[in-house]
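Keep in mind the model is a prediction, meaning the values are calculated, not measured. Each chain gets a letter, A, B and so on, in the order its sequence line appears, and its residues count up from 1.
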Amino acid sequence: MREDKILLAHGSGGKLSHDLIEQLFLPKLSNPFLQPLDDSARITNQNGPIAFTTDSYVVSPLFFPGGDIGKLAVCGTVNDLSMIGAIPAFLSLSLIIEEGFPISDIQRIVSSILESAEEAKVQIVTGDTKVVEHGAADGLFINTSGIGWVRSGTHLSGMNAKPGDRILLSGFIGDHELTILSRREGFKFQGDLKSDCAPLNDLVERMLHVSPNIRCMRDPTRGGLATTLNEIASKSNVGIMVEEEKIPVRESARGICELLGLDPLYLANEGKLIAICPPEEADRLLEVMRNHPLGTDSAIIGRVTEEHPKKVALHTLIGGHRILDMLTGSQYPRIC
Amino acid sequence: MKFIDEFRDKELAKGILKNIEKTSKRPVQLMEVCGTHTVSIFRYGIRGLLPEQVKLLSGPGCPVCVTPNQDIDLAIALSRQKDMIIVTFGDMMRVPGSTSSLQKEKAEGRDIRIIYSSLEALTIAREHPDKRVVFFAIGFETTSPTIAVAILRTKEEEIKNLFFLNSQKRIPPALYALLQSKKLNVDGFILPGHVSAILGTRPYQFIAKEFDKPAVITGFEPLDILQGIWMLIKQIEENRAVIDIQYGRIVHENGNPLAMQKIEEVFVHDHAQWRGLGSIPDSGYRFRESFKTLDAGHFDIEVEPPREHPECLCGEVLQGIKTPLECRLFRVVCHPENPIGPCMVSIEGTCHTYFKFY
Amino acid sequence: MCLGIPGRVVEIEKNVAKVDVGGIVRDISLDLCPDVSVGEYVLIHTGFAIHKVDEAEAHETLKLLRELAEAT
């Protein structure tokens, strides 16, 4: 491609648009579904329910330690499919690019999308590109919609939690949002913190294999662990009790949270999941999770209870109790 | 993390709670002055762990909660001026003024930025020489020295486009005003650990000497708070009233003289308006003559007349006279997503704490 | 009103120290607390060291806490 920056013409459907698709996207993302470049991709239905999800990605900054918007766009949608027990299969990829955006950055992001799609074993089968005036998009926005095959016999849902069930968490919380916050606000610090962005479908596969009666899985993204647990408590009309000392938080994440007055329970994650399972399956499930690279720090963090329905309670480090609400507004760092 | 984790030990907490139970023979009401104590007490569920006869009351030590409407309205009016950047600490973003908030103004496109350190204000001012930058500065004596340093540097480095909207307050005069109120029913005070790192013990002596009440300067980890409570109860049971230090690893009798000196270089004590408590003598600051040019309070702009919701009980709640449960707006109209008064906005505000706890 | 966290000084250059909190190292102003050496701990508030941590006192407090907890 001759240009080094995106022009409005790249989105107009003409010669430059075709150049963009053929020279930038196709070489990396090509597969039999995408190759015909018809208006729609033709997919053969498998027997059984189809899972269908969509998500848009507007993260800023676009590149951060541990990933970028491209990786997020693949993993986020793959994870949404995985959380209801579906096997992710196909993704659509829709880009809204700001005029003047460097082509080299797009190439970087597309490489990242390819890498993540390969890791997650999904294919990008259809796409779209639009270009908007400078200032109308924060560099680049991405939407991915995803199709997956629901495993027969699985009915994972936030409505299924029952008193006595155990709650498992697959690892350290807070890393992603703290990484983004630090980059965006220009926090200079040295440390090992990076986004945990990752596709969880392989981990989920192993988990469902050993614990077919998992009630529900969720990935605690915006709003963090506390918000996700509240959603489940509400939908299932049960209470949830979690043990503060069991919740894994990386030392460096704790350090930033203490410095800024942030609560890790409300921070977004992009490579973690919560699983709720019958008590007799918990130990085995934990073992399987811990044996997976994305779950080495998994822990049983609490249980579902009949008490205080629709509320989530935290058993604090020193043995006290407090109610964990949903996130209200956004968390601002504080001095007080 | 060192000096943090050791003070969160569960077994020690259990033991100290037993000791508190054993030591407290009569009902006591202790006031924790500092908002950060309120948050810590809530975060660890300490209220629920204390014996029935030990009650904790939240005081006015939440700088967000006590910032009067007119200060926020002025910050908002400034943000609406051309080529103006407002910088402030995150705590202030959602506090409602008379009709708007900084967060709402930001959504309308005003340039309002959160900073984590006063020195960032200087960086922003240097990066935008064509704009005026106003630092909406709130806080108590923990923060005031850092603001003073920023002001001194601004003058030294001759940064011409940085100004300070000063809404800082002083704790001891507020305590004095509280103690003079006949409605106050408090047997002892849990004093703010970090404010006292700056002040030392001397400014609090009147609590014991004039009002015959015990006070303990306490840290913020759960074991600090429990020990502080135990020390207060011990004094009360022994009919003593002295200013004691629990937080010895940080607080010394003389405080931080250098920090206090910085404040004095820039500011003179002045009366200040506290939301809910009214005007308290000596409880705030005004700029010294040589720093007056940095005062954003004197910008000639129109500000709407301050208005508070007539049914907002924040004033009485701040004094410990009423609880949020007695407020008609609590939960019905006023909640964290739609705060009517500052006590609901601030994570350490009493109403916010009650909303989450009950 | 007083978010403050103890951190360990790992490097000092003029009036700025690199301070380690749980593995995160930040630049902290020593304008209010200049008399500090590498290896010592300081209390950090909004990017400033506002007081040194007295380690001997910390141990003393822990000792008292243990006594309090056991005296039942």
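- The closest side-chain heavy-atom distance from B/Leu17 to A/Ile318 is not below 4.5 Å.
- Heavy atoms of other residues, nucleotides or ligands lying less than 6.0 angstrom from NZ of A/Lys235 number 12 at most.
- Open room surrounds NZ on A/Lys246; 12 or fewer heavy atoms of other groups in view lie less than 6.0 Å from it.
- Remark: B/Phe42 CZ to A/Ile323 CD1 distance equals 8.5 Å, nearest 0.5 Å.
- The CD atom of A/Glu245 sits 13.0 Å away from atom CZ of B/Arg8, with the distance rounded to the nearest 0.5 Å.
- Summarising the geometry, atom CE belonging to B/Met1 is positioned 4.0 Å from atom CZ belonging to A/Arg254; distances are rounded to the nearest 0.5 Å.
- More than 12 heavy atoms of other shown residues, nucleotides or ligands fall within 6.0 angstrom of atom NZ in B/Lys2.
- In this structure, no portion of B/Asn338 lies under 4.5 Å from any heavy atom of chain A.
- Of the inter-residue distances, the one linking B/Leu49 atom CG with A/Thr316 atom OG1 reads 6.5 Å to the nearest 0.5 angstrom.
- One finds the NE2 atom of B/His335 at 11.5 Å from the CG atom of A/Asp325 (value rounded to the nearest 0.5 Å).
- For the atom pair CZ (A/Arg322) and OH (B/Tyr44), the distance works out to 8.5 Å, reported to the nearest 0.5 Å.
- Residue A/Leu324: no heavy atom, backbone or side chain, is found under 4.5 Å from chain B.
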Next on the checklist: B/Arg43 vs A/Glu258, test: salt bridge (charged side-chain N to carboxylate O under 4.0 Å, His left out). Steps then yes/no.
Outcome noted: CA-CA 13 Å; B/Arg43 176 179 168 181; A/Glu258 296 282 353; 3.7 Å; yes
